[in-house]
Amino acid sequence: MSLFESTNTLFAELLLPVPIPKLFTYRVPQDYNDYIKIGQRAIVPFGERKVVTGVITHLHSNPPKDYEAKYILELLDEERVVSDIQFRFFQWIADYYCCTPGEVLNAALPAGLKLSSESMVQLHPGFDWNESNFEFTQKEEILLKRLAQEPLTYTDISKMLGIKQVHGILKSLTKKEAIIVFEEIKDKYKPKTERRIRLSEAYVNNKQLEGLFELLGNKPKQEEVLLRYLQEVPILQDKTLNKQGISRATLLQTDLSESSLSTLIKNNILEEFEIHISRFDSTTTNEKQEIVLSEEQLQAEQSILTAFEKQSTVLLHGITGSGKTEIYINLVQKALADGSQVLLLLPEIALTTQIVQRLKKVFGGVMGIYHSRFTDNERVEVWKNILNGTFKFVVGVRSSIFLPFENLGLVIIDEEHDSSYKQHEPAPRYHARDSAIYLAQLHHAKVLLGSATPGIETYFQTEQNKYALVRLDKRYAEAQLPTIIISNLQEEQQRKTNKGEFSGLLIRKMEEALAAKEQVIIFQNRRGYSPSISCEDCHWIPKCVNCAVSLTYHQYRHALICHYCGYKESMPDQCPTCTSKRIKTIGYGTEKLEEELNLHFPDSTVQRMDLDTTRSKSSYENIIEQFEKGETNILVGTQMLTKGLDFDNVSLVGIFNADRMLHFPDFRSYERAFQLITQVSGRAGRRKKTGEVIIQTSQAEHPVLNYILNHDYLGFYRAELNERHQHIYPPYSRLIELTVKHIDKKICRQASSELAESIRGTITDIQVLGPGEPMISKIRNQYLMSILVKVARGNQQLAQIKKSIQSEIDRLNKVKEFRAVRFIIDVDPI
DNA sequence: AGCACGCCGACT
DNA sequence: GTCGGCGTGCTC
């Protein structure tokens with residue numbers, strides 16, 4: 001029974017996936033009174049003609065005073081799909097990361113659960129070109145001819161006609177009764193179906209069947225189909241089998257006549273029906289994989305469990321190759337046995353790799369995967385399978401923290417330090433690790449953070465006794481940590497032992513490894529051929545027209561490409577300013593490395609793995625598979641190489657250029673360099689042999705390299721912490737980065753100055769740096785200014801400070817000249 | 001964020 | 001003159 005009298009008029013508050021900081025009130029059609037629940041989705045009209053999907057947050061019977069509420073058009077769910085815990089979680093994210101709950105909802109719901117309409121334009125049904133009394137402009141004519149073929153969206157039209165504002169022409173054509181605009185609902189989730197065949201009920205007994213065959217005696221093709229059916233589905237032995245039937249595809253696999261099948265269906269001898277099937281491989285290969293833990297692993301696991309008795313969050317600091325995965329598996333099994341749900345977070349690209357296949361083998365059908373390469377339909381299915389209890393364990397990326405868990409018992413965040421856990425664009429700019437820790441609190445769940453190179457802030461929490469710490473210092477299966485060798489390029493250049501940008505040492509080591517039939521990984525964190533090009537005579541450097549960056553040369557496309565906005569122009573064969581033909585490339589990207597390695601090692605196969613070679617869906621897996629099989633000898637790549645890959649035969653890892661990582665002007669650059677280099681190094685040498693890592697640098701004495709050399713995380717941590725303390729950076733402060741965006745440089749600067757000024761004037765106990773020009777001061781024709789707010793550790797006013805910043809922004813945004821300025825708040829930026 | 005409306009410059 | 005640009009306000 002409903003809480004409300006069913007004759008009462010109900011109103012529903014809806015959270016809509018739009019960046020407007022309020023709920024919207026809709027009227028509930030009376031038919032729904034007994035049926036409507038908080039947490040269900042509803043389709044509602046929004047604006048003039050749009051419809052959107054929202055989630056019901058409250059029900060009441062107070063009509064709004066200031067306006068007439070519109071009716072809910074349709075309820076989409078029988079049961080709630082968003083839980084109270086999720087609502088609280090969304091609100092927390094919105095508050096903490098300074099965005100609206102609507103933006104959180106937008107990120108949380110997979111597109112397939114969020115159907116909304118898009119305006120489509122089609123020809124007026126009564127419109128006849130020849131009979132129309134109106135004159136048409138040239139553009140109108142082009143559009144009408146195109147519309148005669150198919151309806152178009154506004155964006156289609158604006159692209160087709162090359163105009164930004166589509167409105168005028170549509171209005172004119174509407175008036176001339178040539179077109180109409182209608183709404184098409186997009187992205188509706190469609191269950192995957194399978195067409196199946198079974199015998200009509202009337203024939204499911206031996207006698208009837210016999211008669212049937214007599215009947216078909218002179219129709220051998222149909223007889224054949226029927227016989228095949230009986231063979232595949234032995235209903236003579238078990239009549240109940242007929243209900244399931246057989247999939248149409250399977251039945252027709254052996255070239256049976258399709259038309260005979262149709263005839264049999266038409267004559268009601270066979271019948272066709274549809275069932276909903278899963279998009280996921282349901283092979284529950286629960287091969288009861290026995291996971292054998294080493295002594296150290298067992299101990300670590302025990303320590304984690306003991307720590308969980310007192311503390312809810314534990315950091316597992318396990319060196320690369322120490323076998324953290326096996327411990328995870330054991331812990332997941334235990335949590336599942338307790339009847340809880342488990343979430344395992346992995347960095348984006350680690351998800352396509354071996355670790356997932358391994359987990360799938362152990363957990364089979366109760367494990368769901370949530371991944372950005374999944375289609376909308378697949379994501380909806382994961383969502384539903386969690387709601388209906390099929391999936392009790394989810395392995396997923398950042399956004400899987402939004403899935404509808406009901407009783408999480410354990411959250412594991414692998415590679416806890418990984419920066420892909422922080423969403424940068426668009427809002428909500430959340431950190432999945434930190435948000436997951438809060439989510440776990442809501443569920444009273446435990447959190448295990450795992451990393452070989454924990455983030456400074458995370459490790460600090462263990463020293464503050466906020467998190468417990470468990471160490472795993474030994475590599476699994478007797479493997480040794482790799483030997484790290486610093487190769488001083490400057491020195492080699494003086495002695496002329498280098499070969500171009502490769503040190504003689506690296507080349508020699510590579511020759512040795514390849515001769516021994518071992519594999520080599522070369523790491524360079526820069527894609528493309530060369531980061532820029534330049535004219536040797538006049539020093540001209542091509543720049544992006546939309547952004548303040550130089551263009552990266554991509555050889556395979558023979559083009560200059562902007563890595564920030566995607567702008568592309570073709571590679572000039574002469575300098576556009578001085579017509580010189582002497583154009584040189586500056587710096588090394590993975591593409592150029594690949595080319596040079598091919599020259600140096602003509603007998604080896606070189607493969608490149610970066611954003612450009614892994615764009616298509618399976619290319620990533622292909623590259624890895626080829627390397628695993630040993631078909632590739634040398635793998636060149638960006639930081640993609642650092643995540644979750646295990647290769648047995650890699651004996652050498654080369655870091656092509658460590659300098660750039662160390663010199664990045666950012667307080668986290670040392671931390672990042674340490675993590676990156678340590679992680680890539682971990683790819684070298686497993687099992688039998690000690691691997692080697694060669695780091696090419698011109699700063700052989702750099703302290704960070706020294707810590708890496710000695711596998712000294714703790715030493716590095718102490719030094720870095722000291723550094724952070726000196727300059728009051730995290731963990732000694734919390735940062736809030738404000739970015740000011742506008743097409744006009746002057747207005748952008750003015751707005752940022754005023755914002756910084758007003759924050760300084762109104763908020764006490766904080767430090768405001770800037771405004772200053774960020775490293776890239778223009779992106780997509782928007783000028784950028786940046787302000788950094790530092791809030792000292794332990795400041796209890798954090799929430800209030802964020803509110804004050806927000807209200808200063810709101811105030812500035814109301815000032816006429818700053819109306820169009822965009823202010824972006826990034827809490828805990830990375 | 002979209003989307004509609006309304007005001008204004010630079011072209012036929 | 002009108003077409004297409006852009007600023008402004010609103011969404012239950």
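Taking atom NZ of A:K176 as the reference point, atom P of C:dT2 lies 12 Å away to the nearest angstrom. Rounded to an integer number of Å, the gap from CG of A:L170 to P of B:dG2 is 18 Å. With rounding to whole Å, A:D66 atom CG is found 14 Å from C:dC10 atom C1'. Protein atom CG of A:L16 is 9 Å distant from nucleotide atom P of C:dC12, rounded to whole Å. Summarising the geometry, the separation between NE2 on A:H58 and P on C:dC12 is reported as 18 Å, rounded to the nearest angstrom. When rounded to the nearest whole Å, the span between CG of A:L15 and C1' of C:dC12 equals 13 Å. Separating the CZ atom of A:F136 from the C1' atom of C:dC3 is a distance of 17 Å, rounded to the nearest angstrom. With rounding to whole Å, A:M120 atom CE is found 17 Å from B:dC3 atom C1'.
On a pure distance criterion of 3.5 Å, no polar donor-acceptor pair joins the side chain of A:Y26 and the base of C:dC12.
The side chain to side chain contact (heavy atoms under 4.5 Å, CB included) test with A:Y430 is passed by exactly one of A:R398, A:E103, A:K422: A:R398.
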**Study point:** A:Y96 and A:Y438: CA distance, side-chain angles, deciding distance, ring-ring contact (aromatic ring centres under 6.0 Å, His included) verdict
**Key:** CA-CA 11 Å; A:Y96 187 89; A:Y438 181 78; 9.0 Å; no

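If A:F46 and A:Y154 are placed on DNA chain B by their nearest nucleotide, the residue sitting closer to the 5' end is A:F46. Heavy-atom nearest nucleotides on DNA chain B were determined for A:E48 and for A:E103, and the one closer to the 5' end corresponds to A:E103. Nearest-nucleotide mapping onto DNA chain C: of A:I169 and A:K816, the residue sitting toward the 5' end is A:I169.
A distance of 13.5 Å separates CG in A:L59 from OH in A:Y32, rounded to the nearest 0.5 Å. The distance from atom CG of A:L113 to atom CG of A:L76, rounded to the nearest 0.5 Å, is 9.0 Å.
Counting only heavy atoms from C-beta on, A:T137 has its side chain closest to C:dC3 among B:dA4, C:dG9, C:dC3. Of the candidates C:dG4, C:dC12, B:dA1, C:dG4 carries the atom nearest the A:K139 side chain, counting heavy atoms from C-beta on. Relative to the side chain of A:R819, the nucleotides B:dA4, C:dT8, B:dA1 differ in distance, and C:dT8 lies closest.
For the OP1/OP2 pair of B:dG2 and a distance below 4.0 Å, the side-chain nitrogens and oxygens of A:K50 include no atom meeting the criterion. In this structure, A:R49 reaches the B:dA4 phosphate: one of its side-chain N or O atoms is under 4.0 Å from OP1 or OP2. Residue A:K70 places none of its side-chain N or O atoms closer than 4.0 Å to OP1 or OP2 of C:dT11.
When heavy atoms are screened at a 4.0 angstrom cut-off, A:P426 is found touching no nucleic acid atom at all. Contact annotation for A:P19: base contact, defined as any heavy-atom pair under 4.0 Å involving a base atom. Across all strands, A:K22 comes closer than 4.0 Å to base atoms (heavy-atom distances).
With respect to the salt-bridge test (charged N to carboxylate O, under 4.0 angstrom), the residues A:E808 and A:R811 qualify. Remark: A:E457 engages A:R668 in a salt bridge, criterion side-chain N to carboxylate O under 4.0 Å.
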